[in-house]
Visitor: 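Structure in structure tokens, see below.
To find a chain, count down the sequence lines: A is the first, B the second, and so on, and within it residues start at 1. Computed from a prediction, not measured in an experiment: that's the story for all the values here.
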Number of protein chains: 2
Amino acid sequence: MKPTIRDVAKMAEVSISTVSRVMNYPDSVVESKRKRVMDAVQKLQYQPNAFARGLIFKKSFTLGLLIPDIENLYFAGIIRGMQDACIKLGYSLMICNTDRDKERLLSYIDNFHEKQVDGIVFASDVLYPEYYDKLVGCRIPFVLLSSHTYDYEIPSIEVDDEAAAYDAVKFLIELGHKEIGMIGFNHDNSIAGPPRYEGFIRALTECGLEQNIGKIRYANHRFEHAYEAAHELFTAYPELTAVFCVADEFAMGTISYLKDRNIHVPGQVSVVGFDNLRMSSMFIPKLTTIAQPIYELGYRAAEKLHELLVTGSVAILRERMDHRLIVRESSREK
Amino acid sequence: MKPTIRDVAKMAEVSISTVSRVMNYPDSVVESKRKRVMDAVQKLQYQPNAFARGLIFKKSFTLGLLIPDIENLYFAGIIRGMQDACIKLGYSLMICNTDRDKERLLSYIDNFHEKQVDGIVFASDVLYPEYYDKLVGCRIPFVLLSSHTYDYEIPSIEVDDEAAAYDAVKFLIELGHKEIGMIGFNHDNSIAGPPRYEGFIRALTECGLEQNIGKIRYANHRFEHAYEAAHELFTAYPELTAVFCVADEFAMGTISYLKDRNIHVPGQVSVVGFDNLRMSSMFIPKLTTIAQPIYELGYRAAEKLHELLVTGSVAILRERMDHRLIVRESSREK
DNA sequence: TCCTTTTTAGAAAACCTTTTCAAGGGGATT
DNA sequence: AATCCCCTTGAAAAGGTTTTCTAAAAAGGA
């Protein structure tokens, strides 16, 4: 049996209130008794029961994190950042991987509700009304990470996807490329799809390269789909000399396809990715990519959620973090 | 305020006992009342308070997972498997990433203790006496995943590292390679280091290739270190035509190094990896590797822990799962 | 020395649920 | 019609902690 506060009280020959006070406000107990109590705690390896405390405080000191795909390295970085922030702020972290499954996500929210997490970070997914209603119904505060919504007043934190995409495409244009395609996210089930598309379009129009506007194929988050999409893209537009991929994994899929077709990267085609995963500098060739501050996004999301929990609101509702272009080996002047 | 069982009882005009019975044994309550209760539950979005239940059951229905490096895709697979098993078995999952830091790991155990997790899966790390003592002191049952110990009677599950390494090296030998090197894990802080080394040695000795026995360099879990190790290995033994890498990430680091030196893989040097990460088939060239049943390992670990929790013991103390060789593009006949 | 004020410690209530125990009501059997 | 049994339900206790309230003891002032 785990020792309880009663056992400690008995051993130290004081009341349980005194033990509780020693644990929480040591100064309010006179030295002699305090020592007796602390010795007993030591000897019994006593640890207050989190259930009993939770019952009283109505807090679990636990945060929930909802991610779409744990096998995507992007989220590994998010987790590291968020976990470090949680340690600093005194929270535990509960991670749930939804595999992009609506039912599953909803049931995880129930789970979080039952476990009484204090708040949730909702990462990289569209906040559908069902999700919103459930979250609000459960009265669980939450923030959006690498996502946002204008339908509700929900705190969010992300990079400026439109501007980042613009920078990537602008970079290709400045290298002298005139025939530029894109491998994008499907618009209907991804939050980053539309803004990155917009950035692509804006860069093209600004530079008078409107003829490229339709040269896009869409893929579904994974390498294999990007490989397929690249196949379709280059079959339809063999003239392309550069491709903007809205994810590093897409860039890898694209390069893999080009390699199988004996098209040299960056010799014949330049490829720019997005995210700057740890893998990007391991790939051959090393990827030129838009770096997101992944770790910091996770860290900041936890801080922001904490702010929301403590003060009931948040200083900056829709927060943006900076991206930057990292030039490596998958791009070259035309 | 979150609704409590009292609110439900009031709305349904029954006693709280009846509500509790509807939640736990629906058949024991007469249809008419059951319906009233369920409607009220629905309307209030009532969810039983996990603290109160935990207090009664002395169980949290939560498992803990301790992993050394969340940015290693190996653990992403483990997590997926374990999470699926947890859903099936009715547990929540709490994941902690130790970053291979002793202090941090110890403090996570405290955390698990305080949160009263029912059991812990301890993945891919050496079970040092400090860890063992702490775990036992906290009275938390645990199982070892991709790890084992002969010092204590602790349930464990893993692949047969020695046999797997043997198979990998044997494969290279059968391709006709006579000059074979290895990039291994440091022996002192890794659990898989020694057995994979043993497998390498056994294959060599069995085939009369003892001259290779010293052709080993060690690296520290990450790509970059493997790159360095490959540099040292090939500087010392330029005659090598094949390398056995004890992790896919090492294989990628090695191939990356060889690429930078303009040594063609698999044309001039064959490389075999270990793990079969999702990345392995995305890499260029696609990796020949020893596949571990990663998802299944995670799944099975949760099942095993559950078995331990429910029955107090475990059918197979030290369990092994099958590996298999997957031949892709990074190896070729000599 | 006595009275007042402050410090210290204990008793008991509250948090929310499950479960045991007891009781009431209805159906079946004699 | 009376007895018994079973089904259904409610009341109350238990689980471990924090906190409020009260009482007792100590300290300080006159």
Visitor: Just compare D/dG16, C/dC15, D/dA14 and give me whichever is closest to any side-chain atom of B/Ile56.
Guide: D/dA14

Visitor: State whether A/Arg34 and A/Glu31 are salt-bridged, where the test is any N-O pair (Lys NZ or Arg NE/NH1/NH2 against Asp/Glu carboxylate O) under 4.0 Å.
Guide: yes

Visitor: Given atom CG of A/Asp7 and atom P of D/dG15, what is their separation to the nearest angstrom?
Guide: 12 Å

Visitor: Do other residues, nucleotides or ligands put more than 12 heavy atoms under 6.0 Å from the NZ atom of A/Lys43?
Guide: no

Visitor: Taking the side chain of A/Arg21 as heavy atoms from C-beta outward, which of D/dA11, C/dG10, D/dT18 is closest to it?
Guide: C/dG10

Visitor: Rounded to the nearest Å, what distance is computed from the NZ atom of residue A/Lys10 to the P atom of nucleotide D/dT17?
Guide: 13 Å

Visitor: Roughly, in whole Å, what's the span from CZ in A/Phe57 to P in D/dG16?
Guide: 17 Å

Visitor: Looking at A/Glu130, I'd like to know if its CD atom is crowded, meaning that more than 12 non-hydrogen atoms belonging to other residues, nucleotides or ligands lie closer than 6.0 Å.
Guide: yes

Visitor: Got a salt bridge between A/Asp84 and A/Lys88, using NZ or NE/NH1/NH2 to carboxylate O under 4.0 Å?
Guide: no

Visitor: Would you kindly give the CG-to-P distance between B/Leu55 and C/dT19, to the nearest whole Å?
Guide: 13 Å

Visitor: Give the angle between the helix axes at the two ends of the helix from C/dT1-D/dA30 to C/dT30-D/dA1, taking five base pairs at each end and rounding to 10°.
Guide: 50°

Visitor: Near A/Lys102 NZ, under 6.0 Å, is it more than 12 heavy atoms from other residues, nucleotides or ligands?
Guide: yes

Visitor: Give the rounded distance in Å between these two atoms: NZ of A/Lys59 and P of C/dC16.
Guide: 16 Å

Visitor: Quick check: does any side chain N or O of B/Ser147 sit under 3.5 Å from a backbone N or O of B/Asp125, one acting as donor and the other as acceptor?
Guide: yes

Visitor: Using atom CE of B/Met23 as one end and atom C1' of C/dT18 as the other, report the distance to the nearest whole Å.
Guide: 12 Å

Visitor: Could you tell me the separation between the CD atom of B/Glu31 and the C1' atom of D/dT9, rounded to a whole number of Å?
Guide: 16 Å

Visitor: Determine yes or no for a side-chain-to-main-chain donor-acceptor pair under 3.5 angstrom, with A/Lys304 supplying the side chain and A/Ile316 the backbone.
Guide: yes

Visitor: Under 3.5 Å between N/O atoms: give me all the protein pairs with nucleotides 6-8 of chain D, atom names plus distance.
Guide:
none

Visitor: Closest-nucleotide mapping onto DNA chain D: is A/Lys2 or B/Ser17 further toward the 5' terminus? I mean the 5' end.
Guide: B/Ser17

Visitor: Is there a salt bridge (Lys or Arg N to Asp or Glu O under 4.0 Å) between B/Arg300 and B/Glu303 once you walk through the steps?
Guide: CA-CA 5 Å; B/Arg300 194 59 202 112; B/Glu303 287 185 327; 3.2 Å; yes

Visitor: Would you mind telling me which of C/dT19, C/dG10, C/dC15 lies closest to the side-chain atoms of B/Tyr25?
Guide: C/dT19

Visitor: Once you measure the plane-to-plane angle for A/Phe122 and A/Tyr131, does it fall in the parallel (<30°), tilted (30-60°) or perpendicular (>60°) bin?
Guide: tilted

Visitor: Near DNA chain D, which residues from residues 34-54 of chain A have a heavy atom under 4.0 Å away?
Guide: A/Tyr46, A/Pro48, A/Asn49, A/Ala52, A/Arg53

Visitor: Measure the acute angle between the ring planes of A/His306 and A/Tyr91, then classify it against the limits of 30° and 60° as parallel, tilted or perpendicular.
Guide: perpendicular

Visitor: Base, sugar-phosphate or nothing for A/Ser20? Non-hydrogen atoms, less than 4.0 Å.
Guide: base

Visitor: Taking CD1 from B/Ile16 and P from C/dT19, how many angstroms apart are they, rounded to a whole number?
Guide: 13 Å

Visitor: Using only atom types and a distance under 3.5 Å, with no angle test, would you say the side chain of A/Asp7 pairs donor to acceptor with the backbone of A/Thr4?
Guide: yes

Visitor: Could you check if a side-chain atom of A/Ile78 sits within less than 4.5 angstrom of a side-chain atom of A/Leu297, using non-hydrogen atoms only?
Guide: yes

Visitor: Among the candidates C/dC15, D/dG10, D/dT18, find the nucleotide nearest to the side-chain atoms of A/Ile5.
Guide: D/dT18

